[in-house]
Undergrad: 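Below is a structure I'd like to ask you about.
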Number of protein chains: 2
Amino acid sequence: MRIGQLAQLVGVETQTIRFYEQQGLLPPPDRQDNGYRVYTEKHGEGLAFIRRCRMLGLSLAEIHELQSYQDDPHQPCTAVNALLDDHISHVRSQITALQALEKQLVSLRASCNDDREVEACGVLAGISEGNMHQQ
Amino acid sequence: MRIGQLAQLVGVETQTIRFYEQQGLLPPPDRQDNGYRVYTEKHGEGLAFIRRCRMLGLSLAEIHELQSYQDDPHQPCTAVNALLDDHISHVRSQITALQALEKQLVSLRASCNDDREVEACGVLAGISEGNMHQQ
DNA sequence: TTAAAACTATAAAGCTACTATAAGGTCAAT
DNA sequence: ATTGACCTTATAGTAGCTTTATAGTTTTAA
Ligand SMILES: [Zn+2]
Ligand SMILES: [Zn+2]
Ligand SMILES: [Zn+2]
Ligand SMILES: [Zn+2]
């Protein structure tokens, strides 16, 4: 299976596959005489794993760490679970920060209707005056 | 006022100030004979405006757009308000996406206790099997 | 059979918003 | 005269790709 077929199968671009290989997330495949990469089903599974991790918001470093656990399957899985716990708290703190931001933005937006000149715009005034009682 | 003083006043690094100048967000200041940048109070206000926009999560492009409105103060402010509305919806869709992600991660995490080998880890199995009924 | 279309390869740059490093010039004080 | 704090420019690094450039290969169609 060549790179284009693998890409279509998993739903990524060919450059992304080469990128993962370069980053050490996907093992370098064999090459044909002309230099074309030849992939096996294993590569497909590996690539799908990476993509699902990415959809869960895991960083490439976190994925790399997970792969290192997979390579040592008789260890206890506490590290895997801890990695996920950490990631969940990453996500939760992002949510919290964005909710605070939304609140600020909505209150800023409420300080203007649409019938003013830029000069008198409540939004611009709000930003300029720095009524930002928040870090 | 030199760059270091301005930086301390507004609470940014000097490189950041040069970066904003290079990006066209801050007007190039006059220079002393030795080449040192000399800033006025106007620059301080401009920089503070940029920083407050950044704290609101606005991109440099959005800030640039706001500045272009400021340069034309007798236009109606509908564009300003619309920019903010757009940004609020950016933030809201990020929140929604992250909340969906959190839910997925929590359910994945629940599929494992801490007393297994990596081989049998519910988390890794969950990712590998691709039980991701979600985009 | 040959020419175009589609595929592959590598290397390098671009994206965002900075941050950090390198190598050097300027200034005040010791 | 030299230390230290400040300033200058240019360049590279961060994350996770995407885009572009340039070139070689295979497949398809005329
Ligand atoms: Zn994470
Ligand atoms: Zn307004
Ligand atoms: Zn926005
Ligand atoms: Zn587990």
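All values derive from a computational prediction rather than experimental measurement. Per chain, numbering begins at 1; letters A, B, ... match sequence-line order.
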Undergrad: Grab the two heavy atoms, one from Q67(A) and one from G24(A), that are nearest each other, plus how far apart they are.
TA: OE1-O, 4.2 Å
Undergrad: Choosing from dT19(C), dT26(D), dA9(C), which nucleotide comes nearest the side chain of R18(A)?
TA: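 Closest nucleotide among those given: dA9(C).
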Undergrad: For R54(A), which contact category applies under a 4.0 Å heavy-atom criterion: base, sugar-phosphate, or nothing?
TA: sugar-phosphate
Undergrad: Of all the choices, dC7(D), dT9(D), dG16(D), which nucleotide is nearest to the side chain of I3(B) once you look at every atom?
TA: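 Closest nucleotide to the I3(B) side chain: dC7(D).
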Undergrad: Output the rounded distance in Å from CZ (F19(A)) to P (dT10(C)).
TA: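 So the two atoms are 15 Å apart, to the nearest Å.
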Undergrad: Report the distance from atom CG of D33(A) to atom P of dT25(D), rounded to the nearest whole Å.
TA: 12 Å
Undergrad: Between C1' on dG16(D) and CD1 on I63(A), what's the gap in Å once rounded to a whole number?
TA: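 After rounding, the reported distance stands at 10 Å.
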Undergrad: Mind calculating the distance between NE2 (H64(B)) and C1' (dA17(C)) to the nearest angstrom?
TA: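 Checked: the NE2 to C1' distance equals 15 Å.
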Undergrad: Looking only at side-chain N and O atoms, does R37(B) come under 4.0 Å of OP1 or OP2 in dC6(D)?
TA: no
Undergrad: Relative to the 5' end of DNA chain D, which residue comes earlier, T14(B) or Q22(B), by the nucleotide with the nearest heavy atom?
TA: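 The residue mapped nearer the 5' terminus is T14(B).
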Undergrad: Take the protein atom CG of L6(B) and the nucleotide atom P of dT8(D), then report the distance between them rounded to whole Å.
TA: 11 Å
Undergrad: Would you check if there is a donor-acceptor pair between the side chains of Y20(A) and R51(A) at a distance under 3.5 Å?
TA: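 On atom types as modelled, these side chains qualify, holding a pair under 3.5 Å.
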Undergrad: What heavy-atom pair brings I63(A) and I50(A) nearest, and what distance separates the two atoms?
TA: CD1-O, 3.9 Å
Undergrad: Among the nucleotides dG24(D), dT21(C), dC17(D), which one has an atom lying closest to any side-chain atom of Q15(B)?
TA: dT21(C)
Undergrad: Using heavy-atom distances to pick each residue's nearest nucleotide on DNA chain C, tell me which of A61(B) and E13(B) is more 5'.
TA: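 Upstream on the strand: A61(B).
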Undergrad: Using heavy-atom distances to pick each residue's nearest nucleotide on DNA chain C, tell me which of G35(A) and I50(B) is more 5'.
TA: G35(A)
Undergrad: For R109(A), is there an ion pair with D114(A) - N to carboxylate O distance below 4.0 angstrom?
TA: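 Salt bridge: yes.
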Undergrad: For the atom pair CD1 (I88(B)) and NE2 (H90(B)), what is the distance rounded to the nearest 0.5 Å?
TA: 10.5 Å
Undergrad: Could you tell me the separation between the CD atom of Q32(A) and the C1' atom of dA9(C), rounded to a whole number of Å?
TA: 12 Å
Undergrad: From the list dT8(D), dC7(C), dT18(D), which nucleotide is the closest neighbour of the side chain of T16(A)?
TA: dT18(D)
Undergrad: Do the side chain of Y20(A) and the base of dG16(D) come within less than 3.5 angstrom through a donor-acceptor pair of N or O atoms?
TA: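 Answer no: no donor N or O sits under 3.5 Å from an acceptor.
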Undergrad: To the nearest Å, how far apart are I17(B) CD1 and dT9(D) P?
TA: 13 Å
Undergrad: Write down the distance between CE (M1(B)) and P (dC6(D)), rounded to a whole number of angstrom.
TA: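 The distance from CE of M1(B) to P of dC6(D) comes to 15 Å, rounded to the nearest Å.
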Undergrad: Less than 4.0 angstrom between a side-chain N/O of N34(A) and OP1 or OP2 of dT26(D), yes or no?
TA: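 So the side-chain polar atoms of N34(A) do come within 4.0 Å of the phosphate oxygens OP1 or OP2 of dT26(D), strictly under.
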